J.: 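Let me begin by handing over the structure; questions about it come next.
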Number of protein chains: 2
Amino acid sequence: MPRKTDARARAIATAERLFRIQGYTATGLSQIIEESGAPKGSFYFHFPRGKAQLAEEAIDHYVATRIAVLRNISASTTGDALSFVHQIFGTFAAEMVASDFQYGCLMQNLANELPALDAELTKRVARGFADSTEIVAEHFRGCGFAPARASSTASALVAAVEGARTIARLERTPAIFEALADVSALRWAAREG
Amino acid sequence: MPRKTDARARAIATAERLFRIQGYTATGLSQIIEESGAPKGSFYFHFPRGKAQLAEEAIDHYVATRIAVLRNISASTTGDALSFVHQIFGTFAAEMVASDFQYGCLMQNLANELPALDAELTKRVARGFADSTEIVAEHFRGCGFAPARASSTASALVAAVEGARTIARLERTPAIFEALADVSALRWAAREG
DNA sequence: CTTTTTCTATGGTGATCACCATAATATGGC
DNA sequence: GCCATATTATGGTGATCACCATAGAAAAAG
């Protein structure tokens, strides 16, 4: 008994988009249903646990995509920490420019509305950050960083990217990403020069 | 004709607290009125423009407090960039621990709900970030940094603090602040050692 | 005390919220 | 065509949302 419609997938994609732009609480189910073009009558058939379940599936998709991006960057800069960092900043900056600074990070948006989230959803957000950080740390270890330093640097990098997103949305310019790249470059230049 | 009640001030303080914990959209006026103990009948007397005005006054107060904190730290670490940075991370980490990781940054929470904000409120959020960054940049210039490098470093620091807040709330530990401090220390040690 | 201003109580507006019960309709396998 | 499952329409639930009109109470000024 295979699926016959794409209403479910479209609802998830629309939810991901709107949650990133507006946030979780500020986005009503009616808007998601309307903009996704999905039928209004079948929402609770596809998502019996309602809005929370929809958010879970949206963040699962978001995290998977983000991890894939990080893995790609890591693979293309093997052994080169500075290029890795620069490419991360560059990629996220480009994404923001492409969306005219409308899109935030879904994990961050959800994390800033923690009291509205149930335990399961909270767990997935935390896991998204942990998994992202681990991939970055793994790359740094591959550059010869000691494990502790690789972890610290990875955490710092992930935090910086999140903060940069917030500020870039507000200022509507990728300047903050360039500032972070500059500071990183200084750091490595200082170590080696 | 002096003020006779503190209902207004209490509403602002409660709004600031709840907006920091729950976000702007997720916090209803009814909750603010109830928790502040303010009379229900006089809200639109004190805040004729409603929720938006309340948020404006809340962020004005928040930004003023934050700027005062930054100035204090700057004054106590004159000419010492590393101590300045460490004390910033330490202070914000301590604030988060003290509130059991409940409080986010009001500027960041509002910035993540931009579509729900009117132009005036958006402007004040942006100004809060700009003013904070300028104070940090000023300190770095006082440490002998060239103006461009002082600005980049200040922007990067502010972004890192914002991202760290998000992650710290989620993980319920100040570890991310320590990671940032470690990375900063490495950076300066590399330059000087 | 009277007047003026400041503040609050009451009770509502329509809109939207997430959610759901019921029944009808598609669509597949047979 | 028949049956079982998958999907959708309809029409609602009570709750909460931000907001407001009106009137009354409290307090300062004269």
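Chain naming here is simple, since letters A, B, ... match the order of the sequence lines and numbering starts at 1 in each. This is a predicted model, so every value here is computed, not measured.
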J.: Between A:Arg172 and A:Asp100, does any NZ, NE, NH1 or NH2 come within less than 4.0 Å of an OD or OE carboxylate oxygen?
T.: yes
J.: Round to the nearest Å and state the distance from B:Leu29 atom CG to D:dC19 atom P.
T.: 6 Å
J.: Please state how far atom CG in A:Leu18 lies from atom P in C:dA18, giving the value in whole angstrom units.
T.: 12 Å
J.: Counting only side-chain heavy atoms from C-beta out, which of D:dC17, C:dC7, D:dT8 sits nearest to B:Phe45?
T.: C:dC7
J.: State, without any angle test, whether A:Glu113 and A:Thr25 hold a side-chain donor-acceptor pair at a distance under 3.5 Å.
T.: yes
J.: Which part of the nucleic acid, if any, lies within contact of B:Thr25, taking any heavy atom under 4.0 Å across all strands shown: a base, the sugar-phosphate backbone alone, or nothing?
T.: nothing
J.: Phosphate oxygens OP1/OP2 of D:dC19: is one of them under 4.0 Å from a side-chain N or O of B:Tyr44?
T.: yes
J.: Using atom CG of B:Asp118 as one end and atom P of D:dA18 as the other, report the distance to the nearest whole Å.
T.: 15 Å
J.: At their closest point, which heavy atom of B:Ser76 faces which heavy atom of B:Gln87, and how far apart are they?
T.: OG-NE2, 3.4 Å
J.: Rounded to the Å, how far apart are B:Ile33 CD1 and C:dT10 P?
T.: 14 Å
J.: Kindly say whether the aromatic ring centers of B:Phe19 and B:Tyr62 come within a distance under 6.0 Å.
T.: no
J.: Sequence neighbours excluded, which residues qualify as ring pair (Phe, Tyr, Trp, His ring centres under 6.0 Å) partners of A:Phe92?
T.: none
J.: Just how far, in rounded Å, is P of D:dT7 from CZ of A:Phe47?
T.: 12 Å
J.: Under a 4.0 Å heavy-atom cut-off, which of residues 48-59 of chain B touch DNA chain D?
T.: B:Gly50, B:Lys51
J.: Expressed in angstrom and rounded to an integer, what is the separation of A:Arg10 atom CZ from D:dT7 atom C1'?
T.: 13 Å
J.: When you check the phosphate oxygens OP1 and OP2 of C:dT6, does a side-chain N or O of B:His46 lie under 4.0 Å from one of them?
T.: no
J.: Using a strict threshold of under 4.0 Å (side-chain N to carboxylate O), is an ion pair present between A:Arg165 and A:Glu95?
T.: yes
J.: Could you say whether A:Lys40 or A:Ala26 is positioned toward the 5' end of DNA chain C, judged by the nucleotide with the nearest heavy atom to each?
T.: A:Ala26
J.: Between the side chains of B:Glu162 and A:Thr166, is a donor N or O closer than 3.5 angstrom to an acceptor N or O?
T.: no
J.: Counting only side-chain nitrogens and oxygens, does A:Ser42 get under 4.0 Å of the OP1 or OP2 atom of D:dA6?
T.: no
J.: Which whole-number value in Å describes the distance from A:Gln31 CD to C:dC17 P?
T.: 8 Å
J.: Roughly, in whole Å, what's the span from CG in A:Asp6 to P in D:dA6?
T.: 18 Å
J.: If only side-chain N and O atoms of A:Ser30 are considered, is one of them under 4.0 Å from the OP1 or OP2 phosphate oxygen of C:dA18?
T.: no
